[in-house]
Every structure is written in structure tokens, then in C-alpha cells.
Amino acid sequence: SGGNLSARTYNNYLRYFGTLFLWMIKRGYASANPFQDIAHKRVDTKMRTVIPHDDRKRIRDYYINIGMREFVLVMNLCFRCLIRPKEILQLRVRDFDFSDNVITIPSSVAKNHHYRVIAIPEDLVGEFKYLSGYSPDLFVFSTDYKPGNILLTTRSIGRVWSVMRRSLGLPMEFQFYSLKDSGITEMLEAGVPPELGKELADHSS
């Protein structure tokens, strides 16, 4: 029925099955496409929420106090480097180059399949130097958000974030992805041209 799916996911499934039945009809496996008259759901404009500085500090202090400094690094990659959560979790140790202090986002990892090279903010370089002691093939954030072989899903980030949000009494509107929106907003407020901001965030508009 699609009742538990977002409108975007529902429409993606609808397109997939519609295309599948067109292929089946063309090859004589089916005589009709049962999905051709099903209407797509309206997709609402994505809401952008900015997390104020004081709340970001509370969130950072919360994770440090419970011994999850690695999760603070995940947050910084989203807020400071504008890297998407799914892309962050697919980063491997070899994607960090400390000779030039950059992070490479391979096209196979990037949402828009755009190969990107992102500068690591100078004050964060030291925070990631520990990676030089690990195998280059390991995921940077695996079990317990330490380097390892297991690829985490964005749901793992969501679960950790939800526990924090309840503990600090923060509003539901504060999603993990809001860190990226906050970073973009602060960048624009600091005078960065919108076109450059769009490019750094790897947004289409």
C-alpha cells in the first residue's frame, strides 16, 4: 500500500515497477502494465533546519562526555566539510590524504556521482591524524565509529542521534542532516557566494 513509505520512495518504486512491466510487455512476458495508471504522490519541498551554535555545542559536549569523540568527527565532516552522512560512512582510510590535508569523495560513493576533493579545515587535521596507523582499506567509521571492515548504514547515525536528542530535550526538527544545512547557512551568512556554496555542498541548485 505504501503507507509506511515516504512519497519520494513510493514514487521511486512506482517508476521502477512501471519500467519493469514495460520491459516485460516488450518481450511478451506480460500483456499490460498494472502500474501505468497509478498516480505519483506529491513530494513536499525538503525542509531546511538550522541548529543554533549553542545547541551544537551542547550536542558536541554530550558525545564527548559519553566517550563518543568519534561521532563528533562524523558531525564535523557533515557540518564543516558538507559531506553527506551516507558518503561519510563509505569513506575509507585511504581517502584521507595528510600530505595535502584533503579528503577524496570517490564518484562511486558520491550521491551525484561527482568526484570531489574536500579540504580538511586546519583545526580538524590533527583530529584525524590517528588514521595514519590503520590499514588504508578500512572504513573510517565502522563499529563504535572506529575504523573497521563493517559498513554502517545511515540508520546507525539516526539511532545515535535520536538518543542524544531525547536526552537533551531537543526538537524533532533537529535531524543529523541539519548539521549540513547549518554549515551551508553559516557559510552564506559569512559572505561565501551562493554558487560556491552550492558547489562545495554538491547541490544541484
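These numbers come from a predicted model, not from an experiment.
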Quiz item: So, for Ser142 and Pro147, which heavy atoms are closest and what is the spacing to 0.1 Å?
Solution: CB-C, 4.1 Å
Self-check item: Contact check, side chains of Asp55 and Arg60, non-hydrogen atoms, under 4.5 Å
Solution: no
Quiz item: Of all residues at least two apart in sequence or in a different chain, which pass the ring pair (Phe, Tyr, Trp, His ring centres under 6.0 Å) check with Phe96?
Solution: Phe128
Quiz item: For Phe174, does its backbone N or O pair with a side-chain atom of Trp161 as donor and acceptor, under 3.5 Å?
Solution: yes
Quiz item: Has Asn149 got more than 12 heavy atoms of other residues, nucleotides or ligands less than 6.0 Å from its CG?
Solution: no
Exercise. Check whether Val72 and Leu77 end up in the same hydrophobic cluster, where Ile, Leu, Val, Met, Phe, Trp and Tyr are linked by side-chain heavy atoms less than 4.5 Å apart.
Key: yes
Quiz prompt | For Val125 against Asn101, the heavy-atom pair lying closest together | solution = CG1-OD1, 3.5 Å
Exercise. Output yes when a side-chain donor or acceptor of Arg58 lies under 3.5 Å from a complementary backbone atom of Leu168, and no otherwise.
Key: yes
Quiz item: Do Val109 and Leu82 belong together in a cluster built from hydrophobic side chains that touch within less than 4.5 Å?
Solution: no
Quiz item: Is it true that atom CZ of Arg155 has more than 12 heavy atoms of other residues, nucleotides or ligands lying nearer than 6.0 Å?
Solution: no
Quiz item: Met68 and Val160: which non-hydrogen atoms are nearest, and at how many Å?
Solution: CE-CG1, 3.9 Å
Quiz item: Hey, any chance Val102 and Tyr115 share a hydrophobic cluster, counting ILVMFWY side chains that come within less than 4.5 Å of each other, even indirectly?
Solution: yes
Practice problem: Would you check if Thr154 and Phe176 make a side-chain contact, meaning some heavy-atom pair closer than 4.5 Å? | Solution: no
Quiz item: Is Phe98 atom CZ crowded by more than 12 heavy atoms from other residues, nucleotides or ligands, each under 6.0 Å away?
Solution: yes
Quiz prompt | Minimal non-hydrogen separation, Ala119 against Cys81, with atom names | solution = O-SG, 4.2 Å
Quiz item: Nearest 0.5 Å, what's the OG1-CG distance between Thr143 and Leu152?
Solution: 6.0 Å
Quiz item: Does the side chain of Thr104 reach to within under 4.5 Å of the side chain of Ile118, using non-hydrogen atoms?
Solution: no
Exercise. Supply the atom-to-atom distance Leu73 CG to Leu124 CG, rounded to the nearest 0.5 angstrom.
Key: 8.0 Å
Exercise. Show the numbers, then the answer: is there a side-chain contact (heavy atoms from CB on, under 4.5 Å) between Leu179 and Arg56?
Key: CA-CA 9 Å; Leu179 291 170; Arg56 292 200 308 271; 4.2 Å; yes
Self-check item: Closest heavy-atom pair and its distance - Ala32, Phe21
Solution: O-CD2, 3.5 Å
Practice problem: Give me the ring orientation class for Phe71 and Tyr145: parallel if the planes are under 30° apart, tilted from 30 to 60°, perpendicular past 60°. | Solution: perpendicular
Quiz prompt | Stepwise side-chain contact (heavy atoms from CB on, under 4.5 Å) test for Arg159 and Ser162 | solution = CA-CA 5 Å; Arg159 285 192 292 269; Ser162 294; 5.8 Å; no
Quiz item: Does Glu87 pair with Arg116 as a salt bridge, N-O distance under 4.0 Å?
Solution: yes
Quiz item: Can you check whether Gln90 reaches Leu151 side chain to side chain, under 4.5 Å on heavy atoms?
Solution: yes
Quiz item: Is there a salt bridge (Lys or Arg N to Asp or Glu O under 4.0 Å) between Asp137 and Arg94 once you walk through the steps?
Solution: CA-CA 6 Å; Asp137 293 330; Arg94 63 170 175 260; 2.7 Å; yes
Practice problem: Evaluate the criterion salt bridge (Lys or Arg N to Asp or Glu O under 4.0 Å) for residue pair Asp61 and Lys57; output intermediate values, then yes/no. | Solution: CA-CA 6 Å; Asp61 290 345; Lys57 184 178 184 305; 2.9 Å; yes
Exercise. Flag the pair Tyr29 / Trp23 as yes when their ring centroid distance falls below 6.0 Å, and as no otherwise.
Key: yes
Self-check item: pair Tyr62-Val163: side-chain heavy atoms closer than 4.5 Å
Solution: yes
Quiz item: Thr185 and Val50: which non-hydrogen atoms are nearest, and at how many Å?
Solution: OG1-CG2, 3.4 Å
Quiz item: Between the side chain of Asp95 and the main-chain N/O of Arg92, is any donor-acceptor distance below 3.5 Å?
Solution: yes
Quiz item: Just wondering, do Ile38 and Leu14 contact through their side chains at under 4.5 Å, heavy atoms?
Solution: yes
Quiz item: Under 4.5 Å between side-chain heavy atoms, hopping through other hydrophobics if needed: is there a path connecting Leu20 to Ile25?
Solution: no
Quiz item: OG of Ser31 to CE of Met24: how many Å apart, nearest 0.5 Å?
Solution: 10.0 Å
Quiz item: Does any N or O in the side chain of Asp144 come within less than 3.5 Å of the main-chain N or O of Lys146, such that one atom is a donor and the other an acceptor?
Solution: no
Self-check item: Close side-chain approach of Ile88 and Cys78, heavy atoms under 4.5 Å
Solution: yes
Practice problem: Indicate yes or no for a side-chain donor-acceptor contact from Asn33 to the backbone of Phe35 under 3.5 Å, with no hydrogens or angles considered. | Solution: yes
Quiz prompt | CD1-CG distance between Ile157 and Leu89, expressed to the nearest 0.5 angstrom | solution = 4.0 Å
Quiz item: Is it the case that one hydrophobic cluster holds both Leu196 and Met187, taking links as side-chain heavy atoms less than 4.5 Å apart, direct or via other members?
Solution: yes
Self-check item: Distance, nearest 0.5 Å, that separates CD of Gln175 from CG of Leu170
Solution: 11.5 Å
Quiz prompt | Pairwise side-chain contact, Val140 with Glu70, heavy-atom cut-off 4.5 Å (strictly under) | solution = no
Exercise. To the nearest 0.5 angstrom, please state how far the CD1 atom of Ile59 sits from the CD1 atom of Ile64.
Key: 12.0 Å
